[in-house]
Amino acid sequence: MTQPALIEAVDAALPQTQCGKCGHDGCRPYAEAIAEGEAINRCPPGGQATVVRLAELTGRAEVPLEQPAQSPLVARIREAECIGCTKCIQACPVDAILGAAKHMHTVIEAECTGCELCVAPCPVDCIDLLPHPDWQAADSEAEQDAYLARRAERGRRRFEARNARLVREEDARRERRRQRSARQAAPSRSPHQAQPQAPTATSPQAPAASSSALRASRVSLVASLKRLDRQRQASDLAPDKRDELERRDAELRERLADIDRQLAGADGPQASNDDADKRARQAERQRRFAVNAAEQARRRARQQLAHAERQRDDEAIAAAHEQIERAEHMLAEARAALAPASH
């Protein structure tokens, strides 16, 4: 099988939830990575059945899933608590959330893939993940397979449509910036010099990658890192599993740093100083949020310790001490990351 044919076959076998739990920003990028030799067991929504199919396609040995399998889910917004921040809309990889700034949002359940990417950005934690009603309504294995096939077809189609929309919007923004720069430069030029020039191959209108697509990838990576952090906080985690999570965390953080570097130069010379200042402020806020989150984790662990001591539960006391130690370590790292930016 040729490389392009293998990529198509692997992509067709994936569930098209576009969740990023494999460490990539969609099922297609993961299919391309598998064709290049990446592990075939990093798709929780696909379950072990997908691993079996991928092993057949690639000729590799069947291996257990890296993370627990996940049944089909749907996101549901508690609309009375929604503040209309649009962060979930921006994070959704299949445009399955309707709403506008400062207005209530709602999920199109038939189009939702249950990717979980909308949960982490929500500042008021008003999004629940529930078993998908269409999956629960399936009474037979044939009906379940039919639902999964519909979800995959819709997920792929809407993911591709969203990416195309992001590229169009980014191109439109770049064109507006170009026209604005041309108007600002017009007074200092003669009339024949003020005519806009066609973009060249080196023009900033032809970036190596759309910054909107990079931002979408960044959202996916940040959500994956948060899921890894939650998994690492489990008290019953085996040492080899913890080592694997640490390795995955390092990989994702390296990719996140690479995307940040690309974003820093994506706008080219036309990016304003205001944009740079805004990114710096956002980065500092994120570091402060990390400190606050670590402090909250430590506070919860101390509360759990106090409760365990009142119950005289030695096992719970030991687990609480471990959680406090991990929280202290996270807090030290968060404060160390914040300290240079504060000086």
Side-chain angles (χ1 to χ4, degrees), residues 17-20 25-26 73-130 154-155 157-180 207 209-226 256 259-260 262-264 266-267 270-290 292-293:
T17 55
Q18 319 301 343
C19 63
D25 58 351
L73 301 172
V74 66
R76 191 164 293 163
I77 298 172
R78 298 194 297 276
E79 296 173 350
E81 302 172 32
C82 175
I83 61 174
C85 70
T86 75
K87 294 187 182 216
C88 60
I89 294 177
Q90 298 170 41
C92 180
V94 292
D95 281 344
I97 302 178
L98 292 176
K102 299 183 181 179
H103 290 73
M104 180 188 71
H105 302 346
T106 191
V107 176
I108 309 172
E109 293 191 354
E111 307 293 352
C112 176
T113 64
C115 68
E116 301 184 41
L117 292 176
C118 58
V119 175
C122 179
V124 293
D125 194 22
C126 71
I127 302 177
D128 298 319
L129 284 168
L130 307 171
R154 288 174 179 169
R157 173 168 45 83
R158 293 182 71 89
F159 181 65
E160 292 172 351
R162 176 179 183 268
N163 286 341
R165 174 179 64 78
L166 292 176
V167 170
R168 289 195 304 271
E169 291 175 351
E170 180 65 18
D171 289 344
R173 281 193 292 270
R174 290 183 180 279
E175 176 62 18
R176 288 195 296 271
R177 284 199 296 268
R178 187 190 67 79
Q179 292 178 0
R180 187 164 55 248
S210 164
S211 59
S212 295
L214 289 172
R215 292 188 185 97
S217 299
R218 193 183 192 285
V219 168
S220 174
L221 286 173
V222 169
S224 297
L225 284 168
K226 289 185 178 181
L256 184 61
I259 287 177
D260 285 340
Q262 293 182 58
L263 282 171
D267 288 334
Q270 295 188 27
S272 67
N273 292 332
D274 290 342
D275 290 338
D277 292 341
K278 181 179 179 181
R279 286 194 294 270
R281 289 194 298 271
Q282 288 175 338
E284 183 175 358
R285 280 199 298 271
Q286 289 172 353
R287 287 190 286 266
R288 293 188 184 279
F289 286 154
N292 291 338

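Sequence positions, counted from 1, serve as the residue numbers for this chain.
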Item to check | Worked check of side-chain contact (heavy atoms from CB on, under 4.5 Å) between L256 and L225 | outcome: CA-CA 10 Å; L256 184 61; L225 284 168; 3.8 Å; yes
Next on the checklist: For a 4.5 angstrom cut-off between non-hydrogen side-chain atoms, does P123 reach K87?
Outcome noted: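 When only atoms from C-beta onward are counted, K87 and P123 do touch, with a gap below 4.5 Å.
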To check you understand the geometry: which heavy-atom pair defines the closest contact between [X] and [Y], and what is its length?
X: I127; Y: A75; value: CG2-CB, 4.0 Å
X: C88; Y: C118; value: CB-CB, 3.8 Å
X: G20; Y: S224; value: O-OG, 2.9 Å
X: Q18; Y: P93; value: O-CG, 3.6 Å
X: D95; Y: R158; value: O-NH2, 2.6 Å
X: A91; Y: L117; value: CB-O, 3.5 Å

Next on the checklist: Under 3.5 Å, is there a donor on one side chain and an acceptor on the other for E79 and T106?
Outcome noted: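 Short answer, yes.
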Checklist entry - Distance-only, no hydrogens or angles: does the R173 side chain make a donor-acceptor pair with backbone N or O of R168 under 3.5 Å? => result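 No: the side chain of R173 does not pair with the backbone of R168.
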Next on the checklist: I'd like to know if the side chain of R154 and the backbone of A110 have a donor-acceptor N/O pair within less than 3.5 Å.
Outcome noted: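 Side chain of R154 to backbone of A110: a pair is present.
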What's the separation between atom [atom1] in [X] and atom [atom2] in [Y], rounded to the nearest 0.5 Å?
X: L129; Y: C112; atom1: CG; atom2: SG; result: 7.5 Å
X: E169; Y: R162; atom1: CD; atom2: CZ; result: 9.5 Å
X: D25; Y: F159; atom1: CG; atom2: CZ; result: 5.5 Å

Item to check | With H105, the side-chain contact (heavy atoms from CB on, under 4.5 Å) member among T86, I83, L98 | outcome: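 Going through T86, I83, L98 one by one, the side-chain contact (heavy atoms from CB on, under 4.5 Å) with H105 is satisfied by T86 alone.
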Checklist entry - Ion pair present between R76 and D128, side-chain N to carboxylate O less than 4.0 angstrom? => result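 No.
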Item to check | CA sep, side-chain torsions, deciding dist, call: C82, V124, side-chain contact (heavy atoms from CB on, under 4.5 Å) | outcome: CA-CA 7 Å; C82 175; V124 293; over 6 Å; no
Next on the checklist: Run the side-chain contact (heavy atoms from CB on, under 4.5 Å) test on L130 and L73 for me, step by step, so that the C-alpha distance in whole Å, both residues' side-chain angles and the decisive distance to 0.1 Å come before the verdict.
Outcome noted: CA-CA 5 Å; L130 307 171; L73 301 172; over 6 Å; no
Next on the checklist: For a side-chain contact (heavy atoms from CB on, under 4.5 Å) check, start with the C-alpha distance between E111 and V94, then their side-chain angles and the critical distance, and finish with the verdict.
Outcome noted: CA-CA 8 Å; E111 307 293 352; V94 292; 5.6 Å; no
Item to check | Counterpart residues, side chain to side chain contact (heavy atoms under 4.5 Å, CB included), relative to E81 (two or more places apart) | outcome: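 So E81 forms a side chain to side chain contact (heavy atoms under 4.5 Å, CB included) with R78, C126.
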